[in-house]
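None of these values were measured; they are calculated from a predicted model.
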Amino acid sequence: MMRLNDKAQRVDLKLATSMVALVLASMAAPALAAADDQEAAAAEGSKEDTTIIVTGTRRTDRTVAESAVPIDVFSADDFKAQPSPQLQSILKTLVPSFNQNRNLLGDASAFVRPPNLRGLPADQILVLINGKRMHRSALVQVTGDSLNAGSQGPDLSQISSPAVSRIEVLRDGAAAQYGSDAIAGVINIGLNRADSGYNLAARYGQTYRGDGEDLQISANAGFKLGDGGFFNITGEFIDQNVFDRSVPRPEIAPLIAAGIKPPRPTGNQLGQPSNRAYRVVWNAAVPVGDGDEVYAFGNYGWQRQSNDFNYRRPIAVSAADIPLRPGTGTFSKSINSLWYLDRIGTDPVSGRAIFSETGRTFTETSIFPNGFVPVFEASIEDLSIVGGYKGSTEGGLKYDVTASYGRNQIRYFMYDTLNPSLGPSSPTDFYLGKVTQQEYNLNADFSYETDIGFYKPLFIAAGLEFRREAFAVGLGDRASWEPGIFGSQLVQRANGTTFNVTKAVGANGFPGFGPSDVAEGGRNNYSAYLDFEAEAVEGLDLGLAARYDYFNDFGSTFNGKFSARWAINDVIALRGAASTGFRAPTPGQQFTQNTQTGFPSGSPVPVATQTARPDSISAQFFGARELKPEKSTSFSGGFVITPGSGFNLTFDAYNIVVKDRIGITSSVTVTGADQQALLALGLPTALDLGQVNYFTNGFRTRTQGFDIVLSHRTDTGIGRFNSSLAINYNKTKVTDRRSIPLSSIRPTDTRVLSLIDNTRKGNIEDSNPRWRAVLSSNYTSGAFDLTVRANYFGKFTSYFLPVGSVPAGVDPVAFRARYPAPNAAAGIPEWGKTFGAEIGIDLEAGFTIAENYRLAVGVENLFNNYPDVETRNAYPSTGGQANGSLYPGSSPLGQAGGFWYVRATAKF
């Protein structure tokens with residue numbers, strides 16, 4: 001196994017070396033061709049160096065090259081040749097340390113895809129719009145990937161990319177400057193400020209296989225408001241169809257042979273959900289008096305998405321077993337017992353109704369004779385409005401006062417299913433309820449410059465903030481959660497003996513939010529900060545920030561940051577920072593509760609899993625505690641080299657320790673005794689539970705890595721070249737994890753609940769590639785432009801629970817050779833599989849007509865590359881998993897394969 005790992009590491013190193021050689025060649029060629037154009041190249045490099053930044057500093061004269069912390073700045077030109085119109089997909093191709101996976105059969109996580117930055121989850125990334133905090137999505141990532149399980153961050157897709165003129169990505173901890181969430185970094189989205197002109201764009205594409213059709217139409221317009229003011233508005237329509245990369249589930253062939261025609265050829269679709277979205281983003285400002293300004297901006301978005309759940313079989317069938325695992329090819333009827341309709345009496349002891357085994361019966365096949373695939377839908381509505389006034393006094397004090405409101409609401413629906421406990425009276429379509437996130441912010445920011453004898457004036461910033469954050473879970477249709485009379489039936493045989501029959505409660509696949517799930521709660525946050533920046537002596541910049549936050553539900557926290565930059569000369573500068581940070585538990589994490597079915601760890605049998613509120617009956621039964629804030633300590637250091645002639649190189653290393661990390665616990669199996677105890681405690685759905693998890697402060701991590709960004713811009717006799725290579729290495733280690741001996745709750749219970757088990761630990765550490773790189777080059781000559789981009793994803797490893805005891809009658813040596821047991825001494829924590837490194841090539845060629853009209857054709861993943869096939873738990877008859885998946889869901893390359901598109905834009 002060590003030889004295989006060494007080989008994989010050598011392959012990674014060889015690929016990385018090849019990419020460095022390639023980018024150097026791409027930069028050197030135009031540089032050599034520009035021998036007579038060095039002055040133009042130097043001017044271009046100088047222009048880049050003087051780009052003013054507004055993120056990570058409250059100074060108004062700080063440039064990219066002068067920043068003491070790593071920051072990337074992208075303009076609308078960088079968005080132009082992107083294969084996807086979605087903002088988060090654009091960021092993935094621009095920032096190597098930014099990643100986002102597609103969650104297959106991931107419930108609502110397939111609709112609101114959680115990103116991660118530097119290997120940290122979505123809610124440890126602070127997102128700003130025009131420098132103001134963006135509100136969160138209402139979705140708590142109950143079924144997100146291992147890094148994001150339990151997180152609740154903003155939904156970046158709600159901001160239309162055509163409305164964005166600039167993005168700044170601060171790759172450093174900044175909680176002392178901005179407050180909660182800014183542990184991994186800050187993404188600041190600058191909206192379009194154009195005060196004239198109209199821009200129209202249309203894009204259509206589909207995968208090489210002919211599915212996943214994707215249409216985007218957008219329009220942007222700018223208008224003057226008074227003398228020097230503007231109003232800019234963008235509208236966008238997106239229509240994405242499903243792509244399906246499933247193979248037939250193992251039971252499909254025997255079902256077809258038995259005369260059953262499943263609703264989907266493969267059982268269920270696995271890939272991109274359907275998505276129809278309408279969005280509007282606006283931005284406005286009006287000058288007032290001498291230099292003051294009134295400003296406002298906001299957005300409104302509505303979208304509808306749908307996704308398949310697992311196929312439900314109408315009959316029992318058998319297929320070939322997974323090798324050496326007898327019984328894995330046996331597939332029972334999904335709803336295996338009958339509904340008994342004739343009541344014949346009442347049990348004198350319990351008072352329960354008695355039904356006749358020999359009387360009338362019912363089966364769901366009378367409604368779904370070929371089985372059924374529940375279709376899960378979400379309607380997402382997103383709204384924000386921000387308004388403020390900024391200006392300065394005669395004494396030089398600058399101020400900015402802002403008020404904002406944001407709301408995100410997700411309404412859930414389920415079609416083509418039933419509530420088994422309701423029997424024949426069950427509807428087949430359900431409204432499941434809704435979740436709503438609302439945020440209110442009031443900010444007052446002040447800044448002042450004063451001369452205290454430093455090389456340059458001392459810049460002082462201070463501010464106050466009030467935030468109200470609220471989360472609510474709304475009731476679904478009664479039929480979506482109601483425990484009907486068939487939920488538990490006492491049935492009498494012909495001989496007078498009785499037996500009990502149970503049925504699942506709630507809409508099959510995703511029970512609606514019932515009275516026990518409905519919740520509403522919020523929190524108030526009061527903050528104050530103080531920030532100092534100055535060039536103390538020539539070439540030495542220093543920064544110091546401190547922030548105090550008080551939360552009415554868990555108390556106060558104080559955080560600080562120190563940064564420094566030393567310009568050794570005009571070419572080389574050293575920089576670094578140290579900071580503490582925090583992330584407050586969200587009300588969503590405190591109040592979310594739902595139940596879903598799935599195939600945990602590759603199980604061929606679907607299991608009901610409940611994510612319970614920390615204060616719920618089931619969570620308290622398994623040892624839940626009140627949530628507290630996450631705390632972080634961050635260090636970064638590196639250098640900047642600007643030799644001129646259009647070249648720029650930065651290197652930044654980082655170390656981030658986060659303790660008391662909030663996440664969803666590993667699922668604990670609910671035994672029959674647990675079910676009875678929970679039922680006695682008043683949990684009506686106890687008999688349906690197979691597993692329970694909940695939110696907790698469960699572990700500590702250390703994330704280490706570095707970023708390298710090498711760029712070159714030049715004008716030559718044959719055209720203009722803009723090339724860059726961005727590399728990220730990131731390694732996360734779980735350094736501590738908490739466990740709960742259930743004997744501390746019930747003395748006779750000998751189980752120990754590991755809040756982060758070995759499988760989750762391994763996936764947190766290894767399911768994201770440690771190496772990631774983006775090599776891109778843009779060439780422009782007259783009306784023609786060409787962009788080529790190579791996305792490199794290093795190898796990664798995912799883990800399953802190990803296969804348990806050796807089955808009876810199976811050779812134990814052969815079994816353990818194929819299904820190794822955990823062996824910490826040998827470095828095998830769980831059943832791991834390493835997937836190889838991948839490269840995806842993107843290409844776009846455009847032609848501009850009369851300066852205002854551009855036509856382009858492009859390809860994403862030019863060579864139609866796919867991840868390695870997932871071979872664990874694969875069925876020999878299909879090569880796929882029990883749910884029909886063929887590839888690992890955590891692959892950053894995705895499963896769409898090649899995708900072509902055409903794009904047209906017009907300016908007026």
For a quick check under 3.5 Å, do [X] and [Y] share a side-chain donor-acceptor pair by atom type?
X: Ser723; Y: Ser777; value: yes
X: Tyr866; Y: Glu838; value: no
X: Asn283; Y: Asn192; value: no
X: Glu870; Y: Ser885; value: no
X: Gln141; Y: Asn148; value: no
X: Asn730; Y: Asn768; value: no

So [Y] and [X], do their side chains get closer than 4.5 Å, heavy atoms only?
X: Asn241; Y: Asp211; answer: no
X: Leu383; Y: Glu381; answer: no
X: Leu649; Y: Ile708; answer: yes
X: Leu191; Y: Asn232; answer: no
X: Ile839; Y: Phe863; answer: no
X: Arg209; Y: Asp244; answer: no
X: Thr93; Y: Glu860; answer: no
X: Gln206; Y: Phe243; answer: no

For the side chain of [X] and the backbone of [Y], is there at least one donor-acceptor N/O pair under 3.5 Å apart?
X: Asp766; Y: Phe796; value: no
X: Arg203; Y: Pro83; value: yes
X: Gln437; Y: Leu139; value: no
X: Asn188; Y: Gly131; value: yes
X: Asn865; Y: Gly840; value: no
X: Arg279; Y: Ser157; value: yes
X: Asn778; Y: Asn722; value: no
X: Gln152; Y: Ser137; value: yes
X: Lys92; Y: Gln100; value: yes
X: Asp868; Y: Gly836; value: yes

Ion pair present between [X] and [Y], side-chain N to carboxylate O less than 4.0 angstrom?
X: Asp707; Y: Arg118; value: yes
X: Arg854; Y: Glu844; value: yes
X: Glu851; Y: Lys907; value: no
X: Asp785; Y: Arg720; value: no

Considering residues at least two apart in sequence or located in another chain, which fulfil the side-chain contact (heavy atoms from CB on, under 4.5 Å) criterion with Ala906?
Tyr853, Phe908
Closest non-hydrogen atom pair between [X] and [Y], with its separation:
X: Arg171; Y: Val709; value: NH2-CG2, 4.1 Å
X: Asp172; Y: Pro70; value: CB-CD, 4.5 Å
X: Pro121; Y: Asn116; value: CA-CB, 4.3 Å
X: Ala845; Y: Leu786; value: CB-CD1, 4.0 Å
X: Ile129; Y: Phe297; value: O-CZ, 3.4 Å
X: Ala378; Y: Ile410; value: CB-CG2, 4.0 Å

Does Gln216 form a side-chain hydrogen bond (donor to acceptor under 3.5 Å, both in side chains) with Arg903? I'd like the steps, not just the answer.
CA-CA 9 Å; Gln216 179 207 29; Arg903 191 198 319 268; 5.0 Å; no
Fit a plane to each ring of Phe721 and Tyr779, take the angle between them on a 0 to 90° scale, and name the class: parallel (under 30°), tilted (30 to 60°) or perpendicular (over 60°).
tilted
Using 30° and 60° as the class limits, which term best fits the ring planes of Tyr729 and Trp771: parallel, tilted or perpendicular?
tilted
side-chain hydrogen bond (donor to acceptor under 3.5 Å, both in side chains), that's the test. Do Thr732 and Thr703 meet it? Break it down for me.
CA-CA 4 Å; Thr732 294; Thr703 299; 3.1 Å; yes
Apply side chain to side chain contact (heavy atoms under 4.5 Å, CB included) to the pair Asp382 and His135, showing each step before the final yes or no.
CA-CA 10 Å; Asp382 191 85; His135 61 278; 2.9 Å; yes
Partners of Arg772 by salt bridge (charged side-chain N to carboxylate O under 4.0 Å, His left out), sequence neighbours excluded?
none
Centroid-to-centroid, Phe376 to Phe111, below 6.0 Å?
yes
I want to know whether Phe706 and Phe651 have ring centres closer than 6.0 Å.
yes
Please lay out, stage by stage, how Ile189 and Leu87 fare under the test side chain to side chain contact (heavy atoms under 4.5 Å, CB included).
CA-CA 10 Å; Ile189 301 167; Leu87 189 60; 3.6 Å; yes
Give the intermediate values and the outcome of ring-ring contact (aromatic ring centres under 6.0 Å, His included) for residues Phe847 and Phe784.
CA-CA 5 Å; Phe847 191 80; Phe784 176 75; 7.4 Å; no
Residue from Val164, Ile167, Thr234 passing side-chain contact (heavy atoms from CB on, under 4.5 Å) with Ile159:
Val164
Supply the atom-to-atom distance [X] [atom1] to [Y] [atom2], rounded to the nearest 0.5 angstrom.
X: Tyr178; Y: Leu128; atom1: OH; atom2: CG; value: 6.0 Å
X: Leu91; Y: Ser161; atom1: CG; atom2: OG; value: 10.0 Å
X: Asp652; Y: Asn728; atom1: CG; atom2: CG; value: 11.0 Å

Ring of Phe230, cation from Arg193 - is the NZ or CZ under 6.0 Å from the centre and inside 45° of the axis?
no
Please walk me through it: do Asn275 and Gln240 pass side-chain hydrogen bond (donor to acceptor under 3.5 Å, both in side chains)?
CA-CA 5 Å; Asn275 177 25; Gln240 294 176 317; 3.1 Å; yes
Under 6.0 Å from the OH atom of Tyr198, do we count more than 12 heavy atoms belonging to anything else shown?
no
Can Asp181 and Arg136 be said to form a side chain to side chain contact (heavy atoms under 4.5 Å, CB included), step by step?
CA-CA 11 Å; Asp181 306 350; Arg136 303 180 194 276; 3.1 Å; yes
Set out, in order, the CA-CA distance, both residues' side-chain angles and the distance that settles side chain to side chain contact (heavy atoms under 4.5 Å, CB included) for Tyr887 and Leu893, then state yes or no.
CA-CA 11 Å; Tyr887 306 108; Leu893 182 68; over 6 Å; no
